[in-house]
Amino acid sequence: MDAAIKDGVDIISMSLGGTIHDYRQDVIAIGAFSAMEKGIFVSCAAGNSGPESETLSNEAPWILTVGASTMDRSIRVTVKLGDGQEVNGESVFQPKNFTSEALPLVRPNGSGSLYQTNCLTPAMNGIVNGKIVMCERPESGPRVEIGSTVKDSGGAGMILINAEQDGYTTLAEAHVLPASHISYNDGQKIFAYFKSSDKPTASLIFKGTILGNTSAPTVASFSSRGPSLASPLVLKPDIIGPGVSVLAGWPSDVETSHDQSNPTFNILSGTSMSTPHLSGIAALVKGMHPEWSPAAIKSAIMTTSNIACNDGKPVMNELHEPATYYKMGAGHVNPEKASDPGLVYDISADDYVGFLCGLGYYDKDVEAVTRRKVKCADVAKVNQSQLNYPSITVYLLSGEKTVTRTVTNVGGGKEKYEVKLDVPKGVEVSVDPEVLEFDEVNEKKSFVVSFKKKEEGEDDFVEGEMKWVSDKHVVRSPIIVTKDIYD
Ligand SMILES: *[C@@H]1O[C@H](CO)[C@@H](O)[C@H](O)[C@H]1NC(C)=O
Ligand SMILES: *[C@@H]1O[C@H](CO)[C@@H](O)[C@H](O)[C@H]1NC(C)=O
Ligand SMILES: *[C@@H]1O[C@H](CO)[C@@H](O)[C@H](O)[C@H]1NC(C)=O
Ligand SMILES: *[C@@H]1O[C@H](CO)[C@@H](O)[C@H](O)[C@H]1NC(C)=O
């Protein structure tokens with residue numbers, strides 16, 4: 001990263017991860033700090049350890065931490081069962097000459113060490129030869145490799161069925177045999193048919209690219225989740241962007257994991273695929289506003305993001321439940337709006353130093369991150385909730401808490417904003433003042449958000465949102481009130 005900084009880049013996009021939850025050790029956090037100080041925007045992959053919570057990497061507040069979402073495209077393979085039922089799955093391998101006739105359907109059913117339900121036992125020849133084989137994918141486990149064992153055993157085709165935790169997240173991949181990757185729920189339908197039929201059959205019908213899925217974007221099952229362990233009161237991830245079945249150029253001298261043919265394109269899934277989308281969008285925003293700091297660009301991306309999917313309903317997770325902020329961050333990136341946010345929550349390098357001191361780090365540990373002399377005794381400490389972040393997370397067991405935020409007017413000049421609140425359950429929230437009137441560009445205004453616990457709820461955390469609304473702009477911040485993590 002140091003070399004890139006010396007070369008004078010504007011944006012750094014990192015897809016490396018780690019599980020070190022301490023900014024003093026995490027090298028990426030340290031390199032990114034130097035970059036941020038020089039005005040370089042750093043976006044990093046949140047990690048592919050979902051769907052469990054607290055699985056993030058690259059969670060430092062001076063980094064844009066990027067989760068992964070689905071797109072409205074599927075590369076469809078329909079599974080048609082002997083009784084006429086159809087379910088839709090995906091594979092990028094779309095053979096033109098595969099038989100559309102029904103073939104016998106078989107399910108390795110785990111008698112002894114042979115014939116495991118995940119099809120990962122070799123030599124299944126006896127039972128799979130010439131048949132379509134149902135294989136249960138282990139949690140976030142291998143996929144193309146499963147197809148290889150089925151193919152090597154003589155299987156004609158494969159239906160790859162998600163584990164329960166992976167829900168509806170299916171991937172279009174370069175399978176080595178005719179295959180369809182289907183959701184957990186569709187898998188249960190096929191199992192029910194299989195049980196009920198004397199002579200179960202299925203056929204695979206290749207339908208190519210289908211666009212316009214109105215439930216997209218959804219959070220991908222593998223996308224790592226918050227809360228952050230290193231600073232739980234700074235919401236992470238920050239944002240989600242397209243990261244499932246992403247088609248891109250591929251260095252032709254690098255083999256794909258399952259193919260010796262050195263293709264010049266490949267299709268991959270992961271937060272390493274969504275991160276470059278966000279880096280590109282940051283570059284566009286930076287191009288339009290070269291003077292904006294990395295924090296201002298991040299704020300613009302977060303406060304203009306979408307929390308509704310293409311059909312207007314809330315963005316969902318892999319189980320098709322509404323996604324919480326710990327899963328999607330502020331929301332799904334909206335590139336067009338990001339260039340014109342109206343207001344930004346800016347943060348200086350010194351604020352982050354105050355934040356590190358506020359975490360209780362020793363001077364030498366803060367210096368390990370900043371790579372310059374720091375004396376926390378002389379620094380204005382910044383509590384996590386008080387960092388001028390575009391989202392607000394407060395720890396509140398009982399009583400009251402207040403946080404202060406400062407917004408900078410980056411809109412047209414004269415503009416009047418009013419606050420609109422969606423108040424989290426069981427909490428009273430007020431904002432003072434409720435109106436912000438700006439006369440000129442770059443003018444700053446501060447306001448105080450007060451939280452008061454009204455009633456004891458069951459939930460570990462409750463969610464709401466705060467919007468500053470003018471005639472031209474809506475500046476949205478997620479709010480989380482938690483009782484689950486320490487201050
Ligand atoms: C389909 O075409 C591929 C590529 O030409 C070939 O390798 C394969 O054997 C063919 N399969 C059938 C069932 O004809
Ligand atoms: C496993 O599958 C075989 C072949 O389909 C079948 O005969 C056997 O009853 C199945 N066993 C279980 C426990 O389902
Ligand atoms: C849209 O995507 C979801 C995955 O989130 C999938 O379950 C659903 O079947 C897709 N709908 C269509 C019409 O392809
Ligand atoms: C920071 O948090 C500590 C511990 O809760 C509290 O005593 C202190 O007043 C807070 N500082 C600010 C500036 O809010």
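Any value given below was found using the heavy atoms of this structure, including those in side chains, with hydrogens, waters and symmetry copies removed. Both ligands and their constituent atoms are indexed starting at 1 by order of listing.
Shown here are the side-chain hydrogen bond (donor to acceptor under 3.5 Å, both in side chains) partners of S279, two or more places apart in sequence or in another chain: S13, S43.
Between the side chains of N88 and T78, at least one donor-acceptor pair of N or O atoms lies under 3.5 Å.
Of the residues E318, E90, R143, the one that meets the side chain to side chain donor-acceptor pair (under 3.5 Å) test with T170 is E90. Of the options N185, N162, T218, a side chain to side chain donor-acceptor pair (under 3.5 Å) to Y168 is made by N185 and by none of the others.
Residues lining ligand 3 at a heavy-atom distance below 4.0 Å are given as R76, Y168, N213, S215, T218, H320, ordered by chain and residue number.
The ring of F206 has its center no closer than 6.0 angstrom to the ring center of F93.
Looking only at distances, no side-chain donor or acceptor of T70 sits under 3.5 Å from a matching main-chain atom of V244.
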